[in-house]
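For this chain, numbers begin at 1 and follow the sequence in order.
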Amino acid sequence: MNKEKLSFTNASCRETMVRILKSFLTAYALCAVFHAPLDPARYETSLDFAIASIYELLGMYDFKFLLLLVLSYIFYGFSRSISLSHPESPRQSSALLSVFFAVTILLGRSYQEIQSSAYCFGSGVNFIRFILALAGYAFLFHAIMGLLTVFLDSRSFTSRETHFFTTRPFRKSFLILCAAYAPFLLLSFPGKLCWDAIGQIEQVMGGMEYSTHHPLFHTLIMGGLVKGADALFHSPETGLFVYMLFQDFLLAAALASTISLLSRRGARFSLLLCLQLLYCVTPVYSNMASTAVKDVPYSAFVTGYVMALALLLERPGRIRDKGFVPLFLSLQLGVILLRNNGLYVVLFSGIGISFYLWKKYCPRERILCLLSSFAGSILAAELILFLLVRATCAASGSIGEMLSIPFQQTARYLQLYRDELTPGEREAIETVLGDADLVAASYNPDSSDPVKALYRKDASGGELFSYLKVWFRGFLKHPGCYAEGFLQHIYGWFTPAVSNSIRYEADDYNLGRQGGLFPGAEKLLIFYYRFAARISVLGILENIGAAVWAFCFLTFYQKRRQQYAALLAGLPLWISLLICMAAPCFFGHPRYAFPILFSLPFLYGFTLTGDLQDPGKEH
């Protein structure tokens with residue numbers, strides 16, 4: 001008995017010590033103040049520098065730190081008790097994901113404040129502080145995800161009880177969404193314009209040459225409505241407002257469809273109510289509902305595509321259902337035609353999912369899956385685009401649009417190591433981007449647009465290949481420079497600490513009236529959206545970094561529960577995230593991630609209303 005009692009006491013003591021250590025590191029992480037590396041030259045002696053470094057490393061132990069220490073200790077105790085009350089151990093640890101979240105938040109902080117990783121790796125002191133803060137955040141995130149998985153595992157999100165959304169769920173949800181967005185749409189009459197939309201309208205109105213730089217299909221729809229209203233009623237504003245109604249119809253229909261589908265799966269009223277409120281309250285939805293931008297209809301079709309994929313992967317036999325293949329084909333066509341990079345979303349997700357479904361189909365169904373769905377949609381879309389280009393004599397988009405990351409890295413390289421270039425290397429760069437000094441001066445850590453604007457469209461394929469060889473040699477010489485340029489370019493997609501509230505203000509466009517329904521209406525909307533971003537809950541709901549974290553956690557949870565149908569249905573969103581990383585910038589353009597933000601609530605609902613069976617089984 002004494003040995004058992006002693007063993008229990010030792011275990012309890014170890015548990016207490018571990019809990020104290022976790023609490024200390026978490027409080028340290030939350031209170032850590034990061035600075036650029038200390039300069040030894042600013043101190044009279046090495047001892048002074050060493051003492052200052054130690055002060056920097058130790059941090060401050062004030063009331064805030066002590067309060068967080070106590071709260072962390074209580075939280076970890078609560079987390080421990082919850083895990084003990086649910087002894088079924090998870091089949092997969094979230095430790096790796098916790099470390100990833102910790103790294104992104106610390107690196108993101110460094111890049112946001114000083115445009116480099118010096119807060120984390122700039123000196124030995126900074127690196128040690130980074131490791132300590134990393135451990136504290138990782139422990140915190142690991143505990144939070146443990147509580148989330150227990151919460152989700154211990155509750156049922158389906159019910160046979162009748163409720164508001166049991167009958168006619170699509171109609172009810174659609175009308176509620178329209179009512180929620182209507183005030184913002186009316187106050188913004190005839191609708192806000194982003195610069196891309198202005199360029200698209202100008203193409204149809206005759207002020208610019210047609211181009212495939214923007215999706216030509218969408219250009220003709222939006223510009224056609226504006227031009228038609230101008231010709232019929234001498235009111236381009238009417239045409240723009242009609243387009244806004246069309247865009248909002250697609251958005252509300254896509255979101256209402258998620259409510260309808262989940263309702264048919266037996267989702268609880270509380271789950272459906274949460275999604276409905278999310279769609280109505282989150283500022284980004286009403287904001288974009290009143291802004292003419294191609295990303296809204298595109299994201300609506302991506303959401304529909306993800307829904308169809310989820311259903312097909314859950315029960316592959318649905319491909320034989322009447323009407324499923326035409327609907328699937330139509331959704332893919334919309335994804336491809338409404339955004340240029342939609343082709344890659346359908347192509348790569350189609351390849352991955354076709355491999356998964358291949359063994360589940362007979363030869364006839366394999367052909368039906370490939371030709372009538374993925375390959376068929378791509379061929380049909382390319383034919384439509386070919387005919388539209390021929391009809392409008394549209395100029396091809398620049399290949400430079402695909403080279404945001406290499407161009408950024410080259411510009412950063414030129415700023416730091418221009419003198420190391422040989423005459424031949426400099427010439428190879430200048431044949432593609434122009435004067436090397438101008439390229440270096442145009443470097444903006446947050447956006448590749450200034451450098452991309454220098455791209456010479458007359459550069460030949462051979463010259464572009466020569467440039468890429470020089471770019472690769474630069475990577476081999478100074479990989480750190482390239483890594484810094486890349487991480488500075490993409491960090492905003494991965495950290496909730498970066499605000500991404502967006503409101504386009506193209507007020508100097510004179511084709512139609514701008515400024516809202518009445519004088520001052522636009523200022524009221526601007527105030528609302530900027531203030532909403534300051535409210536933590538609303539700001540987090542529309543935060544792209546938070547959405548990516550939620551997506552990563554969902555993928556972890558799906559894998560843990562072996563819900564591979566739901567997991568693979570998120571493949572278009574992973575491809576969308578890669579496209580975001582290759583985009584010109586993060587700041588001002590979080591709309592690139594709207595497919596993730598708009599589709600993620602459905603994927604959560606689909607996962608929580610699914611079962612643990614093999615997704616390939618018919619039932």
Side-chain angles (χ1 to χ4, degrees), residues 96-97 99-105 107-108 111-112 254 284 288 294-296 298-307 309-310 313 332 335-336 338-353 401-406 408 446-448 483 485-500 502 540-559 566-604 606-607:
L96 186 61
L97 186 58
V99 172
F100 172 74
F101 286 164
V103 169
T104 57
I105 201 168
L107 273 178
Y111 281 107
Q112 184 180 19
V284 69
M288 290 298 104
K294 59 181 176 284
D295 301 88
V296 173
Y298 168 71
S299 299
F301 271 90
V302 172
T303 300
Y305 177 49
V306 170
M307 293 168 61
L309 274 182
L313 289 162
Q332 292 176 79
V335 172
I336 298 172
L338 289 170
R339 204 161 186 8
N340 292 337
N341 51 37
L343 171 66
Y344 306 111
V345 172
V346 172
L347 175 63
F348 293 117
S349 64
I351 291 173
I353 290 164
E401 292 298 318
M402 302 173 61
L403 299 173
S404 293
I405 293 175
Q408 276 289 85
D446 295 326
S447 174
S448 67
F486 175 70
L487 292 173
Q488 172 67 25
H489 192 70
I490 65 140
Y491 78 90
W493 302 110
F494 295 95
T495 173
V498 177
S499 174
N500 56 233
I502 179 174
I540 286 294
L541 288 178
E542 68 175 358
N543 186 278
I544 300 303
V548 171
W549 277 26
F551 186 31
C552 291
F553 172 76
L554 178 62
T555 303
F556 156 77
Y557 185 73
Q558 290 166 336
K559 187 176 180 181
L567 189 151
L568 288 172
L571 188 56
L573 306 189
W574 285 113
I575 297 169
S576 297
L577 182 58
L578 292 176
I579 292 171
C580 288
M581 294 167 65
C585 64
F586 167 79
F587 291 104
H589 296 287
R591 57 188 174 86
Y592 295 156
F594 282 175
I596 300 172
L597 193 66
F598 290 7
S599 303
L600 195 57
F602 162 74
L603 274 182
Y604 264 91
F606 187 83
T607 301

Peer 1: Over 60° means perpendicular and under 30° means parallel, so classify the ring planes of Phe606 and Phe602, tilted if in between.
Peer 2: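 Taking Phe606 first and then Phe602, their aromatic rings sit tilted (interplane angle of 30° to 60°).
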Peer 1: Measure the spacing between NE2 of His489 and OG of Ser447 and express it to the nearest 0.5 Å.
Peer 2: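 With rounding to 0.5 Å, NE2 (His489) is 7.5 Å from OG (Ser447).
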Peer 1: If we ignore hydrogens and angles and just use 3.5 Å, is the side chain of Glu542 paired with the main-chain N or O of Val284 as donor and acceptor?
Peer 2: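 Yes, the answer is positive, given that a donor and an acceptor are paired below the 3.5 Å cut-off.
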Peer 1: For the residue pair Ala254 and Ala300, what are the closest heavy atoms and their distance?
Peer 2: CB-O, 3.6 Å
Peer 1: Which distance, rounded to the nearest 0.5 Å, do you find between the CG of Leu567 and the OG1 of Thr555?
Peer 2: 5.5 Å
Peer 1: Identify the two heavy atoms, one from Phe100 and one from Cys552, that lie closest to each other, and give their separation to 0.1 Å.
Peer 2: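 Minimum heavy-atom contact is CE2-SG, 4.3 Å.
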Peer 1: Mind listing the closest non-hydrogen atom pair of Gln112 and Tyr491 along with its distance?
Peer 2: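 Closest approach of Gln112 to Tyr491, heavy atoms only: CA-OH, 3.2 Å.
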Peer 1: Counting C-beta onward and ignoring hydrogens, is there a side-chain heavy-atom pair between Arg339 and Tyr592 closer than 4.5 Å?
Peer 2: yes
Peer 1: What's the verdict on side chain to side chain contact (heavy atoms under 4.5 Å, CB included) for Tyr298 and Asn341, showing C-alpha distance, side-chain angles and the deciding distance?
Peer 2: CA-CA 10 Å; Tyr298 168 71; Asn341 51 37; 3.8 Å; yes
Peer 1: Nearest 0.5 Å, please: how far is CG in Asn340 from NZ in Lys294?
Peer 2: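 Result: 8.0 Å between the selected atoms.
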Peer 1: Let's go through Ser576 and Val345 carefully: what are the C-alpha distance in whole Å and the side-chain angles of both, what is the deciding distance for side chain to side chain contact (heavy atoms under 4.5 Å, CB included) to 0.1 Å, and is it a yes or a no?
Peer 2: CA-CA 7 Å; Ser576 297; Val345 172; 4.0 Å; yes
Peer 1: With heavy-atom distances below 4.5 Å as the criterion, would you say the side chains of Leu309 and Leu568 are in contact?
Peer 2: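 They are not in side-chain contact.
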Peer 1: Using 0.5 Å steps for rounding, measure from the CG atom of Leu573 to the CD1 atom of Ile596.
Peer 2: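 Here the interatomic distance stands at 6.0 Å.
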Peer 1: Any side-chain donor-acceptor pair under 3.5 Å between Tyr305 and Ser349?
Peer 2: yes
Peer 1: Do Trp574 and Phe551 have ring centroids that are under 6.0 Å from one another?
Peer 2: yes
Peer 1: So how far is it from Leu403 CG to Ser448 OG, rounded to the nearest 0.5 Å?
Peer 2: 9.5 Å
Peer 1: Side-chain contact test, heavy atoms from C-beta onward, threshold under 4.5 Å: evaluate it for Tyr111 versus Leu487 and give yes or no.
Peer 2: yes
Peer 1: Grab the two heavy atoms, one from Thr495 and one from Gly108, that are nearest each other, plus how far apart they are.
Peer 2: CG2-CA, 4.2 Å
Peer 1: Please check if the number of heavy atoms outside Leu578 that lie under 6.0 Å from its CG is greater than 12.
Peer 2: yes
Peer 1: Please determine whether side chain to side chain contact (heavy atoms under 4.5 Å, CB included) holds for the pair Leu577 and Phe494, giving the CA-CA distance in whole Å, both sets of side-chain angles, and the decisive distance to 0.1 Å.
Peer 2: CA-CA 10 Å; Leu577 182 58; Phe494 295 95; 4.0 Å; yes
Peer 1: Looking at side-chain heavy atoms only, is the closest gap between Phe101 and Leu97 below 4.5 Å?
Peer 2: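 SC-SC contact between Phe101 and Leu97 confirmed.
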Peer 1: Flag the pair Gln408 / Gln488 as yes when at least one side-chain heavy-atom distance between them is below 4.5 Å, and no otherwise.
Peer 2: no
Peer 1: What I want to check is whether the side chains of Ser599 and Thr303 have a donor and an acceptor closer together than 3.5 Å.
Peer 2: yes
Peer 1: Using a 4.5 Å cut-off on heavy atoms from C-beta on, say whether the side chain of Tyr604 contacts that of Phe553.
Peer 2: yes
Peer 1: For Thr607 and Gln558, test the side chains for any donor-to-acceptor distance below 3.5 angstrom and give the result as yes or no.
Peer 2: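 Indeed, the side chains of Thr607 and Gln558 share at least one donor-acceptor pair under 3.5 Å.
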Peer 1: Against Pro595, only a single residue in Val302, Asp295, Ile575 fulfils side chain to side chain contact (heavy atoms under 4.5 Å, CB included); can you say which?
Peer 2: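 Single pass found, and it is Val302.
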Peer 1: Look up atom CH2 in Trp549 and atom CG in Asn543, then write down how far apart they are to the nearest 0.5 Å.
Peer 2: 10.0 Å
Peer 1: What heavy-atom pair brings Leu603 and Ala566 nearest, and what distance separates the two atoms?
Peer 2: CD2-O, 4.0 Å
